[in-house]
Structures are given as C-alpha cells and as structure tokens.
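A short write-up of the structure that comes next.
As the structure lists them, so they are numbered: ligands from 1, and atoms in each ligand from 1. Keep in mind it's a predicted model, so treat the numbers as computed, not measured.
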Amino acid sequence: MSYQADEHGFYGSYGGAYIPEILYKTVNTLRERYLPIIESDDFQREYRALLRDYAGRPTPLYYAARMSRKYGCRLYLKREDLNHTGAHKINNAVGQILLARRMGKKRIIAETGAGQHGVATATVCALAGMPCRVYMGATDVERQRTNVERMRMLGAEVYAVESGNKTLKDATNEAIRDWCCHPDDTFYIIGSTVGPHPYPDLVARLQSVISEEIKIQLAEREGRDYPDRLIACVGGGSNAAGTIYHYLDDERVSIVLAEAGGLGTDTPQTAASLSLGTPGILHGSKIKLMQTDDGQITEPYSISAGLDYPGTGPLHCNLYESGRANVLAVTDAEALQAAFELTRLEGIIPALESSHALATLPKLTFKTDEVVVLTVSGRGDKDMNTYLKHKDEIDYNAI
Ligand SMILES: *Cc1c(COP(=O)(O)O)cnc(C)c1O
C-alpha cells in the first residue's frame, strides 16, 4: 500500500478531480504533461538552479540544543523560514511558473488568503516577466495591507473578491471562475496540496525538496538518513507534504501533523478540519471539510491566517484516516506560547503557522535520544502585530 496518489489522483477515498466540463481539457492536458515536464533534465536544471541561487536552498537543518534539552529529544529544525519571501511557498511557485512557461501559458492567476502565496506568485511572475492577477478576499485585503502592497510593488494585480465571507474560499472560487473563462492562455498557480488532481501531487513533488534535503543533512549529522519523528503544521498541507514526502512509506518514521484548533475543537471557532471535518467536495477535490449537515461550508477560524482554510488536502485526509499520521489540534493560545518559547530559547521568531507545529512538543513523549525533525515553515515578521497584542498572555516562567 502506498500513501501516494493513484493514477486518478486518489489518496484512499480522497482527492480526484471534480471539475466543471469547461475545464476538463485544461486539467487533462496538465495531468498528461506535468510529470514528463517536471522530471525532464531541462526543467530540473532550471528549477534546481533557481532554488539554489534565487530561493536560497538548501535551507539549514539546525540542531536546536536548548529546545532539545527541554523536551528530552534531539530536535532539528528545518529552516524553511530562511527562504526568499520568508516561507516554503516559493519552492512551489518557482516550480509552477517554470511548468506554465513550458506549457506555453501567457498569463498567471492565483488565490491567496493571508497573502503569502500571492507574494510568492507575484515574485516568480516578476522573475519570469509574466502578467499576474491574484484573487484575494476583500476582508483579507483589508487585514493584510503589507502583503497587498508587496504584490502590487512586484507588478501583480490584486483583485479584491466581494462574494461570500470575502476570504480564502471565496478568492479560490473567483480564481476558478477566471480559469474557466481563460482556460487556454492562463495557468492557475495553486498554493497548496489542494485542488483537482494533479495539483496535490504536483505541489507535493515541488515541495519534496524539503525531505530530500533532510535525508542528506540527517545522514551527515546523525549517520542515518531518517528521523524517528517528523513534525509539521497543516493548512492546505504543502509544507507538511514536502517534509514527509520521501518518508511516507517508511514506517520507521512517525508523522505528527499540527492543525489549527483555534479557540478549541469544542467551539465553532476552529479550523481543525482533519479532526472535525466530514467528507465533501471543495475546489475540485474530495477532502475532509468543515461544513454544516446540508453541505454549506462553515467559515474556519484560526489566529493564523495561513491555516485558516475550511479543508485539508487529500493526501493528509488519507494519512489521518489510515492512522499513518498522528494529527493534533493546537489552540491559538498554545501556538502563541510556543512562538515565544522558540524565540526565547533559540532566537528564532517563527511564523504563527509554524508555531502550531512547535506547540505539539509538550503534548508528545519522546524516547531518549529520539531524533525529531520539525519544519519551521516561515518566519514571524508578518505576525509581529499579533505577537505584540498577545505578549502579556504568555507564561514566561514556563519557558
Ligand atoms: C501558507 C503557510 C502555511 C500553510 O500552508 P501549507 O500548504 O499547509 O504549508 C504554513 N506556514 C506558513 C509560513 C505559510 O505561509
């Protein structure tokens, strides 16, 4: 049994490509062409060169000595926060723009919630000299001013979406609508392991450079190329997919996924769609969703904008259901505490999303000398307002 997608894009009972008729040809062409292109020498040469010289890869695998002492394990941090534009999202955006060019596309669209994927896409469009329109909910445009200005400075058009709750789900709907109107010349750069097949597999492969590097770096540091445990946060699932990709079928490695519990999984203010969601179809894929009994999507809530999506990608739904991954819901308060702890113990201010991964450490028990790799998906600069607002709620004595 494999945890990878089958030829129809199913991970167990999740995934697939549930798309409108008008997109069938476009998605099918992408499905036929993505593997030959991304596996070609020509693509790999350009992709690897950009990851190295432009994004700043390989990212360090940092042994966190003070955190290790505190938790009684050997904790390594995979430093995706040190990438250009501040998170892992650039790995995917670089790969998809190269794919778009090889498929002869002339125009790029993307959806964004907090603006991180929008910034990564606007960045690679500037790099490639391609026009770019980013769909963003009007509420998010208001909340994430700096990222909107970054996208505009990079030359992208930011389209404020006024429908629905005016957040990520609505921005994605609008991007799909645009794609339906321009299926021939437009490439849709999706930001996570979500959407119709082949996107979840495409994005996982483009992010798999993370675990490829972990293997090499661990072999150098520990004399074996696998950890006992991997930990990552999940929004749509891309940084986690990249972290676990080369270890999915290696049962020596246990997998911990941190999803956003919000104010708690016993409240409506949560985004814990793996723990609480039910199967349904959103944005072309069968996944676990936060929805009402009659199938209306409920607005997710998390302090972290990047984890605030009403579902999780099909790969992770299957890992949850099969028991391959241990999924923990982390509350806002736990994530905030973890952010300040990493900052004070290691001098690294993590993104709020990554803080959810860090907050699983006190919930786990470790064997002596257990080797743990935790992905710090992004840096905390963008979250400084939130951190300052909550700094008096932190228990500094517990650090
Ligand atoms: C977008 C984002 C996430 C969540 O997205 P995934 O696709 O689940 O990785 C996590 N961390 C950071 C820093 C992000 O910007």
Side-chain angles (χ1 to χ4, degrees), residues 59 77-93 96 110-121 123 136 140 144 146-147 150 167-168 171-172 189-195 199-200 202-211 230-245 255 257-260 271-274 283 285 287-288 300 302-317 319-320 325 327 330 335 338-339 342 348-359 374-384 386:
T59 59
L77 303 177
K78 184 59 174 161
R79 299 290 309 276
E80 293 302 299
D81 57 317
L82 296 178
N83 278 309
H84 181 44
T85 69
H88 65 290
K89 288 199 171 72
I90 195 78
N91 305 329
N92 171 50
Q96 286 198 49
E111 84 296 338
T112 197
Q116 294 301 109
H117 173 57
V119 169
T121 303
T123 298
M136 188 171 187
D140 292 331
Q144 310 287 341
T146 321
N147 276 340
R150 286 167 84 193
T167 58
L168 176 59
T172 308
I189 297 190
I190 293 186
S192 189
T193 43
V194 298
Y199 278 101
L202 169 64
V203 176
R205 284 170 189 265
L206 294 173
Q207 292 290 359
S208 71
V209 63
I210 299 173
S211 50
L230 289 166
I231 306 177
C233 65
V234 268
S238 69
N239 87 87
T243 301
I244 63 185
Y245 191 86
I255 296 170
L257 302 176
E259 63 174 350
S273 51
L274 289 175
H283 303 142
S285 183
I287 55 177
K288 284 179 73 109
S302 164
I303 193 170
S304 155
L307 302 183
D308 205 345
Y309 183 71
T312 305
L315 163 68
H316 308 72
C317 292
L319 295 179
Y320 173 87
V327 177
V330 167
L342 186 73
I348 298 168
I349 303 179
L352 259 168
E353 293 85 359
S354 320
S355 305
H356 285 70
L358 290 157
L374 184 151
T375 294
V376 179
S377 52
R379 63 178 88 122
D381 308 28
K382 67 184 178 59
D383 298 310
M384 284 312 296
T386 310

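Side-chain contact check for Gln207 and Asn91: at least one donor-acceptor pair (N or O, by modelled atom type) lies under 3.5 Å. Inspection of the Ser238 and His88 side chains reveals an N or O donor paired with an N or O acceptor under 3.5 Å. At a cut-off of 3.5 Å, with distance as the only test, a side-chain donor of Tyr309 or His283 sits close to an acceptor on the other residue. Looking at Thr59 and Lys78, their side chains do bring a donor and an acceptor atom within 3.5 Å of each other. When only modelled atom types and interatomic distance are considered, Thr375 and Thr243 share a side-chain donor-acceptor pair under 3.5 Å.
Considering backbone and side-chain atoms alike, His88 places an N or O below 3.5 Å from some N or O of ligand 1. Geometrically, ligand 1 and Thr193 share no nitrogen or oxygen pair separated by less than 3.5 Å. Ligand 1 has no nitrogen or oxygen under 3.5 angstrom from a nitrogen or oxygen of Lys382. Distances between N or O atoms of Ala240 and those of ligand 1 include no value under 3.5 Å. Taking distance alone, with nitrogen or oxygen atoms compared against 3.5 Å, Gly237 approaches ligand 1 more closely than that limit. Note: an N/O pair closer than 3.5 Å links Gly235 and ligand 1 by distance alone. Checked by distance only, ligand 1 and Ser192 come closer than 3.5 Å through their nitrogen or oxygen atoms.
Distances from atom 1 (C) of ligand 1 to the heavy atoms of Glu353, Gln116, Lys89 put Lys89 nearest. With Ser377, Ala114, Gly242 as candidates, the residue nearest to atom 13 (C) of ligand 1 on a non-hydrogen basis is Ser377.
Residues Glu80 and Ile210 form a side-chain contact, since some pair of their non-hydrogen atoms from C-beta on lies under 4.5 Å apart.
With sequence neighbours left out, Asp81 forms a side-chain contact (heavy atoms from CB on, under 4.5 Å) with Arg79, Ile348, Val376, Arg379. Shown here are the side-chain contact (heavy atoms from CB on, under 4.5 Å) partners of Ser355, two or more places apart in sequence or in another chain: Ala335, Ala339, Pro350, Tyr387.
For ligand 1, the atoms sitting less than 4.0 Å from at least one non-hydrogen atom of Gly378 are 13 (C), numbered in the order shown with element in parentheses. Ligand-side atoms of ligand 1 in range of Val234: 8 (O), range being under 4.0 angstrom from any heavy atom. Near Ser238, the atoms of ligand 1 lying under 4.0 angstrom from a non-hydrogen atom of the residue are 6 (P), 7 (O), 8 (O), 9 (O).
When hydrogens are left out, the protein atom nearest atom 4 (C) of ligand 1 is Gly306 O, 3.4 Å; that is the closest non-hydrogen contact.
Atoms CG and CD, from Leu202 and Gln96 in turn, are 5.0 Å apart once rounded to the nearest 0.5 Å.
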